[in-house]
Structure formats: C-alpha cells, structure tokens
**Student:** 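This is the structure I have questions about; it appears just below.
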Amino acid sequence: MDQNPYSTALLAWYQANARDLPWRRPDASAWSILVSEIMLQQTPVTRVLPAWEAWMRRWPTPADLATEPSGEAVRMWNRLGYPRRALNLHACARTIVERHEGEVPSSYQDLRALPGVGAYTAAAVASFAFGGRHAILDTNVRRVLARAHTGVEYPPKTPTKAETELAESLLPADATVAARWGVAIMELGALVCTARSPACAECPIANQCAWRLAGKPAHEGPPRRGQTYAGTDRQVRGRLLAVLRDAEGPVPKDDLDTVWHEPIQRERALDALVADGLVDPREDGTYALPG
DNA sequence: AAATCGTGGAG
DNA sequence: TCTCCAAGATT
C-alpha cells in the first residue's frame with residue numbers, strides 16, 4: 001500500500017491532467033530524457049521544447065554528440081541560458097561513450113557522477129527513464145511539500161535534509177508506482193500549486209493541505225533576494241558569448257570589446273568564460289567557441 | 001555555505 | 001516598469 005493518504009487522488013489527477021511532453025512519451029530514450037532534464041534546470045518548459053526538438057534531431061544519441069567539438073554544443077544551446085550546461089551535456093556524452101558503452105547509465109550513482117548531474121537530475125533520470133524508486137525533489141515538489149505537509153507558503157532557499165526525508169517517506173513502495181507518483185507531484189506543483197497564485201480550487205489534495213487549512217499564511221521572514229541582473233558579470237558574459245555564437249569563426253577582440261564599455265569588468269568576464277571552457281583564446285589574439 | 005551562473009515571460 | 005521566478009549544480 002501507499003505510505004501517504006493522497007496518493008490515489010494525485011495519481012488520478014495526473015492521469016487526467018498531465019501535459020503531453022515529448023520526453024514523457026513511452027518511446028523517449030534515456031538520452032532524450034537526460035537532455036531534457038539538463039535543459040530544464042532553471043529553465044521553463046516552453047523555452048525548452050523547441051531547443052530539445054532541435055537538439056535531439058541533430059544528436060539522437062550520446063555517440064552523435066561525442067564526436068562534435070564542445071563549441072558546437074554551446075552554439076546549439078543558443079539562448080537557453082547557463083551555457084555551461086551545454087558543456088556539461090557534451091561532457092556527459094563523451095563520458096557515456098567512454099565509460100558506459102554509449103548507453104546512459106541507469107543507476108543513481110553512475111548518473112550522479114556525470115557532469116552537471118546533481119541530486120535532482122540523477123533521481124529524475126533514474127526514475128523517469130528507468131523506473132527506479134527515487135525521491136524527486138525539484139522546486140515544484142519542494143513547494144507542494146512545504147504547503148501540503150509543513151503548512152508554509154514556500155520551502156527554504158536551499159533543500160534541507162528534512163525535505164529529502166519527507167519526500168522519501170512519501171514514496172510509494174512499488175518502484176513503478178513511485179516513478180509515476182514522482183512526476184505527478186511535480187506536475188501538480190507546475191500546473192496547480194504554483195508559486196504566485198496556486199489554484200487550490202482545482203487541487204486534488206486541497207482538503208489535506210496544511211497550508212490551505214491554516215488559512216494560507218503569508219511567507220515569513222525576509223523577502224527572498226531578487227537577483228538583479230542588469231550590470232552584472234552574467235550579463236556581460238551573455239553578451240560576449242552571443243557574439244561568438246553568432247559568428248561563423250574566430251572573432252577579433254575588437255568585436256568583443258564593443259559589447260561592454262567598462263574594460264575591467266569586460267576583461268574579467270572574458271577571462272571567466274575562458275576559465276570555464278566556454279571560450280577559446282587563440283594564438284593570433286582572436287577568440288572562438290571551443291574546439 | 002553563500003555566491004555565482006543566463007534568459008525571457010508573466011503579473 | 002520592475003520584480004519574480006523557471007524540472008539546479010558547483011565551488
């Protein structure tokens with residue numbers, strides 16, 4: 001039997017309301033699921049969809065990507081954001097070819113060892129692609145658990161041990177059911193129990209939600225710091241990389257200098273990109289995406 | 001363990 | 001306009 005009281009209602013809700021996302025289809029490969037999970041890190045589904053389609057069309061298997069220079073992955077990544085994820089995916093492909101015979105590993109430990117694959121992504125791939133029994137703890141699930149079980153509007157800034165233990169305690173005993181339960185509660189957070197305006201009227205577990213039963217008390221404590229973006233190194237890095245992405249080949253430094261007026265910050269951002277392996281400084285003083 | 005790392009859409 | 005935030009990971 002299930003360890004939690006709303007499993008049946010949640011699974012029924014999912015069956016009726018789940019989005020038809022391509023990486024959820026029965027014929028989706030483990031590689032395509034891994035690609036989707038990396039792309040979805042901090043990035044909305046609507047923006048991932050076209051990028052995922054294009055990526056999978058070009059590199060249907062890890063081996064297809066592994067033969068490319070990493071810069072091609074960065075270029076293909078386009079404006080998805082956090083371009084180091086493109087590098088991670090490229091490194092994943094090569095590792096999978098070299099150490100796993102070209103097949104995405106199925107165990108949590110092997111997945112967790114891949115670059116850019118943390119606790120959430122390893123659990124997600126192990127569960128969604130291979131039917132493993134793992135607690136899924138992404139931002140959606142954390143929000144649902146915070147409300148339904150803890151009775152607060154938002155979870156802590158960073159995942160805690162308590163959250164992991166709660167998620168694991170709720171996991172259905174059967175692996176197949178657990179895997180379905182994981183996507184279901186995630187989908188609930190994405191579609192109903194949203195951050196801004198939760199649709200409690202449509203929620204299948206509203207009658208058991210501690211936060212709603214408590215009268216939906218507002219978030220306590222300091223407002224969670226808004227990440228001002230304008231003027232940061234991140235913005236400069238973004239502009240620099242955009243020039244290299246949109247260029248056919250190597251770019252003269254003068255072209256990079258036009259993207260930001262402040263030379264100190266500009267150089268710092270460029271150096272950081274080089275250190276991260278996202279930009280290749282060439283002998284002749286030009287810059288390019290890495291080979 | 002707090003800071004860093006992009007981008008764009010919604011309210 | 002401006003703030004928030006979107007399937008996190010890494011150092």
Side-chain angles (χ1 to χ4, degrees), chain A residues 18-19 21-24 28 32-52 74 77-89 91-92 111-129 134-145 153-161 163-164 167 179 182-191 193-198 219 222-245 259 265 268-269 272-273 275-279:
Chain A
R19 290 169 291 182
L21 302 174
W23 47 83
R24 280 185 187 162
S32 78
I33 291 172
L34 174 60
V35 171
S36 79
E37 291 302 337
I38 300 282
M39 287 185 168
L40 285 162
Q41 291 170 0
Q42 300 286 283
T43 308
V45 169
T46 53
R47 280 178 53 208
V48 166
L49 279 169
W52 181 88
V74 175
W77 198 254
N78 200 6
R79 302 187 67 83
L80 257 194
Y82 291 147
R84 62 178 48 165
R85 291 182 294 165
L87 244 33
N88 288 150
L89 214 33
C92 278
L111 287 163
R112 182 65 184 79
L114 295 174
V117 176
Y120 161 73
T121 303
V125 174
S127 178
F128 305 156
H134 301 276
I136 306 299
L137 201 61
D138 78 324
T139 185
N140 293 304
V141 177
R142 296 183 61 218
R143 189 172 52 248
V144 173
L145 296 185
E153 187 176 18
Y154 297 117
K157 287 181 158 75
T158 56
T160 63
K161 188 74 184 300
E163 289 181 88
T164 301
V183 273
I185 191 167
M186 196 165 58
E187 190 78 334
L188 185 69
L191 299 183
C193 194
T194 60
R196 299 278 184 86
S197 50
H219 177 71
R224 310 157 319 132
R225 69 178 281 255
Q227 46 191 14
T228 51
Y229 176 65
T232 63
D233 285 11
R234 290 157 82 171
Q235 183 180 25
V236 184
R237 289 166 55 110
R239 287 191 184 184
L240 289 169
L241 204 57
V243 171
L244 298 178
R245 251 192 341 249
V259 307
Q265 186 178 23
R268 183 173 65 224
L273 285 172
D276 288 349
L278 285 162
V279 171

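In what follows, chains carry the letters A, B, and so on, assigned in the order in which the sequence lines appear, proteins first and then strands, with residues in each chain numbered from 1. All of these numbers come straight from a predicted model, not from anything done at the bench.
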**Student:** Please pick, from B:dT7, B:dC5, C:dG8, the nucleotide with the shortest atom-to-atom distance to any side-chain atom of A:Y120.
**Tutor:** C:dG8

**Student:** Just verifying a value: how many Å separate A:S36 OG and A:L21 CG, rounded to the nearest 0.5 Å?
**Tutor:** 9.0 Å

**Student:** Quick one: label A:R19 by what it contacts on the DNA or RNA (base, sugar-phosphate, nothing), any heavy atom closer than 4.0 Å.
**Tutor:** base

**Student:** Please examine the side chains of A:Y154 and A:R142, heavy atoms only from C-beta on, and report whether any two atoms are closer than 4.5 Å.
**Tutor:** no

**Student:** Would you mind reading off the distance between A:L273 atom CG and B:dC5 atom P, rounded to a whole angstrom?
**Tutor:** 9 Å

**Student:** Looking across every strand, which nucleic acid part, if any, lies under 4.0 Å from A:V117 by heavy atom: base, sugar-phosphate, or nothing?
**Tutor:** sugar-phosphate

**Student:** Remember a base hit wins even if backbone is also touched, and classify A:R142 as base, sugar-phosphate or nothing at under 4.0 Å, heavy atoms.
**Tutor:** nothing

**Student:** Could you tell me how far apart A:L111 (CG) and C:dG8 (C1') are, to the nearest whole angstrom?
**Tutor:** 15 Å

**Student:** Roughly how far apart are A:L111 CG and A:E37 CD, rounded to 0.5 Å?
**Tutor:** 11.0 Å

**Student:** Side chain of A:L21 only, heavy atoms from C-beta on: which candidate in B:dC5, C:dA6, C:dA7 is closest?
**Tutor:** C:dA7

**Student:** Determine the contact category for A:A119: base if any of its heavy atoms lies under 4.0 Å from a base atom, sugar-phosphate if only primed atoms, P, OP1 or OP2 are that close, otherwise nothing.
**Tutor:** sugar-phosphate

**Student:** Check the distance between C:dA6's C1' and A:E187's CD and give it to me in whole angstrom.
**Tutor:** 14 Å

**Student:** Which whole number of Å gives the distance between the C1' atom of B:dG8 and that of C:dT10?
**Tutor:** 24 Å

**Student:** Does A:G81 reach a base, just sugar-phosphate, or nothing at all? Heavy atoms under 4.0 Å.
**Tutor:** base

**Student:** So, under a plain 3.5 Å distance rule, would you say the side chain of A:R196 forms a donor-acceptor pair with the base of B:dG11?
**Tutor:** no

**Student:** With no angle test and no hydrogens, is the base of C:dT10 tied to the side chain of A:R84 by a donor-acceptor pair under 3.5 Å?
**Tutor:** no

**Student:** Taking the side chain of A:M186 as its heavy atoms from C-beta onward, which of C:dA6, C:dA7, B:dC5 lies nearest to it?
**Tutor:** C:dA7

**Student:** Considering only the P atoms, how many Å lie between C:dA7 and B:dT4, rounded to the nearest integer?
**Tutor:** 24 Å

**Student:** Side-chain donor-acceptor pair under 3.5 Å between A:N140 and A:R143, yes or no?
**Tutor:** yes

**Student:** Hey, could you give me the CH2/OG1 distance between A:W52 and A:T43, rounded to the nearest 0.5 Å?
**Tutor:** 16.0 Å

**Student:** A:P83 near the nucleic acid: base, sugar-phosphate alone, or nothing, with a heavy-atom cut-off under 4.0 Å?
**Tutor:** sugar-phosphate

**Student:** Pick the nucleotide of DNA chain B nearest each of A:S197 and A:Q42; which residue has the one closer to the 5' end?
**Tutor:** A:Q42

**Student:** For A:N78 and B:dG6, what is the distance between atoms CG and P respectively, to the nearest whole Å?
**Tutor:** 14 Å

**Student:** Could you work out which one of C:dA9, C:dA7, B:dT7 sits closest to the side chain of A:R79?
**Tutor:** B:dT7

**Student:** Heavy atoms under 4.0 Å, any strand shown: does A:W77 hit a base, just sugar-phosphate, or nothing?
**Tutor:** nothing

**Student:** Please tell me which of the listed nucleotides, C:dA7, B:dT7, C:dT10, lies nearest to the side chain of A:R245?
**Tutor:** B:dT7

**Student:** If you go through the side-chain atoms of A:T43, does one of them form a donor-acceptor pair with the base of B:dG6 closer than 3.5 Å?
**Tutor:** yes

**Student:** Closer than 4.0 Å, any side-chain N/O of A:R237 to the OP1 or OP2 of B:dG6?
**Tutor:** yes

**Student:** Starting at the 5' end of DNA chain B and moving along, which residue's nearest nucleotide shows up first, A:T158 or A:A242?
**Tutor:** A:T158

**Student:** So which nucleotide from C:dC5, C:dA9, B:dT7 ends up closest to the side chain of A:Y229?
**Tutor:** B:dT7

**Student:** Between C:dA9 and B:dA1, how far is it from one C1' atom to the other, in whole Å?
**Tutor:** 14 Å

**Student:** CG of A:L240 versus C1' of B:dT7: gap in Å, rounded?
**Tutor:** 16 Å

**Student:** When the distance from CG of A:L34 to P of C:dG8 is rounded to whole Å, what number comes out?
**Tutor:** 15 Å

**Student:** Side-chain N or O of A:R112 less than 4.0 angstrom from OP1 or OP2 on C:dT10?
**Tutor:** yes

**Student:** Could you tell me how far apart A:Y82 (OH) and B:dT4 (C1') are, to the nearest whole angstrom?
**Tutor:** 8 Å

**Student:** Can you measure from OH (A:Y82) to CZ (A:R237) and round to the nearest 0.5 angstrom?
**Tutor:** 10.5 Å

**Student:** Take A:P115 and A:N140, find for each the nucleotide of DNA chain C with the closest heavy atom, and name the residue whose nucleotide sits nearer the 5' end.
**Tutor:** A:N140

**Student:** Under 4.0 Å between any heavy atoms, over every strand shown, what does A:T232 touch: base, sugar-phosphate, or nothing? Just pick one.
**Tutor:** nothing

**Student:** Across the strands shown, which category fits A:L80 at heavy-atom distances under 4.0 angstrom: base, sugar-phosphate, nothing?
**Tutor:** base

**Student:** Distance from A:R84 atom CZ to A:L273 atom CG, nearest 0.5 Å?
**Tutor:** 9.5 Å

**Student:** If you round to the nearest 0.5 Å, how far is CG of A:N88 from CG of A:L114?
**Tutor:** 10.0 Å

**Student:** What does A:T139 touch in the nucleic acid at a heavy-atom separation under 4.0 angstrom: a base, only the sugar-phosphate, or nothing?
**Tutor:** sugar-phosphate

**Student:** Check the distance between C:dA6's C1' and A:W52's CH2 and give it to me in whole angstrom.
**Tutor:** 19 Å

**Student:** Hey, which sits more toward the 5' end of DNA chain C by its nearest nucleotide, A:G116 or A:V45?
**Tutor:** A:V45

